[in-house]
Asker: 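Before we start, here is the structure in question, set down as structure tokens.
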Amino acid sequence: MGYREELPYDKGIDNTLSFLNQGYLYITNQRKRLNRDMFKTRILGGKQVVCMAGKEAAEVFYDNDKFKRDGAAPSRVLNTLFGQDGVQTLDGEEHAHRKTMFMDLMTKDSLEEIATLVEKEWMKALPLWEKEEQVVLYDEIKKILTLAVCQWTGVPTHDQDIDVLSEQLGDMYESAEKIGFQHIKGKQSRKKVEKWLEKLIVDIRSDQEITLKDTPLYKIAMHRDLNNQLLDKHTATVEVLNLLRPTVAISVYIALSALALHSFPEKKEKLKMSDATYQKMFVQEIRRYYPFFPVAPAIVKKDFLWDGHDFKEGTLVLLDLYGNNHHPSLWKNPNEFMPERFKDWDKSPFDLIPQGGGEYVSGHRCAGEWLTIEVMKKCLDIMVNKMDYTVPPQDLEIKMNEMPSVPKSGFIMENVKRI
Ligand code: HEM
């Protein structure tokens, strides 16, 4: 008999409202109040859920023998953020096979290519920004990333209005936890973009020259599953969107990078004087310090005992991603912005987990984490070394109950100049 204890409970028939009101801090607040890194609560219509944080908790959470993803994501997330039947919902061999399709796209050359495309589009935009009185960085970067990722994936955009497309891709990740109009807008945007991409998949499969054969779009359209079958056209579309949508979402991190440069000017000076190592540490600290996804969900595959708690088959478990990035036993002064902390970091796959933890192919860790880091490094370099700007008074608040959280003003720049 292993050691067992009753888990503390956040009482209430449904704590969804508390979760939404406290946002990224809901799990942290309850962990502090209940004095335990693991507790039970009821959310999503009174469903019993276990929330947990910590390095060991993350290690257990990413153990494929203990947890599965099929059925873990709520339908409002599938309808906007993920799409139906994408890699996020798969388990076991089927997952590893599909995930390999993604990870094979993330070669060193290919990551360099997307970063270079982002720089090219940013440099094209700069002369236009110089003529503007004000530039809302978050909105502009969404367009730059849309243009870059469509070129990188080989998705033709000649029939698309980039302003509209970038807004639609943004709607998908901005609307997952929203209610009312914004959520509906997210669903509609997904439907419209899926319809357009599905046609491209069909055209590629009927031998029309839509894109080159070495592009991610072509590779996904022609990818074969474990039974040597093409993905159904909707699933293939969802997977193409699994490249486009999150790449545009890097705009959140770029707006937050601009905020960090503004909030910590001494670090900006250090960046100017330093080499690539400090730049990478700065990027890691942005991903640790600022919120993005609050949690990752999974379902207990079969009963097991861990840390005194009986995990019962079928239970929904949420891993506190934001909480791990700020856990006081994992990070010294976790609420301080300190890129230097990464100097001696042991690169554990279970403490810095803004994009999930564990393994890439066998687990659900973000397929685009390296791409995100490369693009962020390039954008940081542009903001620090290739342009000047002033930051007028504006509302730069980051709301802890908005997911994802972007500076309220979108980060306004004035007097933009190339240097
Ligand atoms: C904007 C920054 C990004 C953040 C904060 C982010 C975050 C995440 C998180 C939290 C997960 C889930 C981890 C889990 O379930 O355990 C994930 C999965 C995923 N991400 Fe990202 N991501 C980002 C960028 C990207 C990019 C740029 C791509 C592709 C180009 C991408 C593609 C994916 C895919 C395909 C998955 C599913 C992986 C799987 O289920 O095996 N993400 N991401």
Side-chain angles (χ1 to χ4, degrees), residues 24 58-59 61-64 67-70 72-73 77-78 81-83 85-92 94-106 110-111 113-115 118 138 141-142 145-146 148-150 152-153 155 169-170 172-174 176 216-217 220 235 238-257 283 286-288 290-299 317-322 324-325 349-350 352-376 379 403-406:
Y24 296 101
E59 211 165 333
F61 182 86
Y62 284 103
D63 179 342
N64 289 332
F67 286 98
K68 62 175 187 167
R69 296 305 178 99
D70 181 23
V77 171
L78 292 174
L81 189 68
F82 289 176
D85 304 322
V87 64
Q88 292 93 338
T89 62
L90 303 179
D91 291 297
E94 206 187 350
H95 170 264
H97 183 75
R98 184 90 60 86
K99 189 70 173 286
T100 303
M101 173 186 84
F102 281 100
M103 298 317 295
D104 283 351
L105 302 174
M106 305 296 165
S110 168
L111 298 179
E113 188 194 342
I114 178 96
V118 171
Y138 178 56
I141 296 301
K142 278 201 260 187
L145 292 172
T146 301
V149 74
C150 286
W152 182 74
T153 45
V155 170
L169 291 165
M172 291 179 210
Y173 65 81
E174 288 166 0
L217 172 62
I220 294 176
T235 307
V238 165
E239 300 302 26
V240 174
L241 265 178
N242 263 335
L243 295 174
L244 303 187
R245 180 203 69 252
T247 302
V248 173
I250 302 173
S251 52
V252 173
Y253 274 149
I254 305 309
L256 293 170
S257 303
V283 164
I286 286 168
R287 297 191 317 124
R288 185 200 69 82
Y290 291 108
F292 204 131
F293 282 103
V295 295
I299 286 180
V317 174
L318 300 179
L319 176 67
D320 187 3
L321 302 182
Y322 180 81
N324 263 37
N325 294 339
F350 300 112
L352 178 70
I353 53 169
Q355 296 178 236
E359 296 288 327
Y360 288 100
V361 171
S362 60
H364 285 269
R365 192 179 185 121
C366 173
E369 187 165 22
W370 307 327
L371 190 155
T372 304
I373 292 171
E374 287 312 304
V375 168
M376 286 177 72
C379 294
M403 299 174 229
S405 196
V406 186

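Order of listing sets the numbers, starting from 1, for every ligand and every atom in it.
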Asker: Identify, with sequence neighbours excluded, every residue that meets salt bridge (Lys or Arg N to Asp or Glu O under 4.0 Å) alongside Glu369.
Answerer: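 By the salt bridge (Lys or Arg N to Asp or Glu O under 4.0 Å) rule, Glu369 matches Arg287, Arg365.
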Asker: Report, in ascending order of atom number, the atoms of ligand 1 lying under 4.0 Å from any heavy atom of Tyr62.
Answerer: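 Heavy-atom distances to Tyr62 below 4.0 Å select 14 (C), 16 (O).
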Asker: Picking from Val248, Leu244, Leu241, what satisfies side chain to side chain contact (heavy atoms under 4.5 Å, CB included) with Met172?
Answerer: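 Considering Val248, Leu244, Leu241, a side chain to side chain contact (heavy atoms under 4.5 Å, CB included) with Met172 is found only for Leu241.
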Asker: So if I count the atoms of ligand 1 from 1 in the order they appear, which ones are less than 4.0 Å from some heavy atom of Arg69?
Answerer: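 Per the distance check, 14 (C), 15 (O), 16 (O).
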Asker: Identify, for atom 12 (C) of ligand 1, the protein heavy atom at the shortest distance, and state residue, atom and that distance.
Answerer: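 For atom 12 (C) of ligand 1, the nearest protein heavy atom comes out as His364 O, 4.0 Å.
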Asker: Looking at side-chain heavy atoms only, is the closest gap between Thr89 and Leu78 below 4.5 Å?
Answerer: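 The answer is yes, as the side chains (C-beta and beyond) meet within the 4.5 Å cut-off.
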Asker: Mind checking how many protein N/O/S atoms fall short of 2.8 Å from atom 21 (Fe) of ligand 1?
Answerer: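 That number is 1, waters not included.
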Asker: Less than 4.5 Å apart, any side-chain heavy atom of Ile114 and any of Val149?
Answerer: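 Ile114 reaches Val149 side chain to side chain.
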Asker: Identify, with sequence neighbours excluded, every residue that meets salt bridge (Lys or Arg N to Asp or Glu O under 4.0 Å) alongside Asp85.
Answerer: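 Applying salt bridge (Lys or Arg N to Asp or Glu O under 4.0 Å) to Asp85 gives none.
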Asker: Rounded to the nearest 0.5 Å, how far does CE of Met103 lie from OH of Tyr360?
Answerer: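 Answer for the OH-CE pair, Tyr360 versus Met103, is 6.5 Å.
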Asker: For Gly363, counting its heavy atoms only, list the atoms of ligand 1 lying under 4.0 Å from any of them.
Answerer: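 Reading through ligand 1 atom by atom, the close ones are 41 (O).
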Asker: Enumerate the atoms of ligand 1 whose separation from the nearest heavy atom of Leu321 is less than 4.0 angstrom.
Answerer: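 Selected atoms, number and element: 10 (C).
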Asker: Would you check whether Thr247 has a nitrogen or oxygen atom less than 3.5 angstrom from a nitrogen or oxygen atom of ligand 1?
Answerer: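 No.
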Asker: Between Glu359 and Lys99, does at least one N-O distance fall below 4.0 Å, as a salt bridge requires?
Answerer: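 So Glu359 does not pair with Lys99 through a salt bridge.
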Asker: Within this structure, what is the CZ-CG distance for the pair Phe102 and Leu371, rounded to the nearest 0.5 Å?
Answerer: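 Phe102 atom CZ to Leu371 atom CG measures 12.0 Å (nearest 0.5 Å).
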Asker: Residues two or more places apart in sequence or in another chain: which of them pass side-chain hydrogen bond (donor to acceptor under 3.5 Å, both in side chains) with Ser405?
Answerer: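 If we apply the side-chain hydrogen bond (donor to acceptor under 3.5 Å, both in side chains) test to Ser405, skipping adjacent residues, there are no hits.
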Asker: Counting from 1, what ligand 1 atoms have a heavy atom of His95 closer than 4.0 Å?
Answerer: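 The list of qualifying atoms is 39 (C), 40 (O), 41 (O).
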Asker: Do the ring planes of Tyr253 and Phe292 sit parallel (below 30°), tilted (30 to 60°) or perpendicular (above 60°)?
Answerer: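 Ring orientation, 0 to 90° scale: perpendicular.
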Asker: Which atoms of ligand 1 are found less than 4.0 Å from any heavy atom of Ile250?
Answerer: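 Answer for ligand 1: 1 (C), 27 (C).
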Asker: Would you mind running through ligand 1 and noting each atom that sits below 4.0 Å from a heavy atom of Asn242?
Answerer: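 Result: 29 (C), 32 (C).
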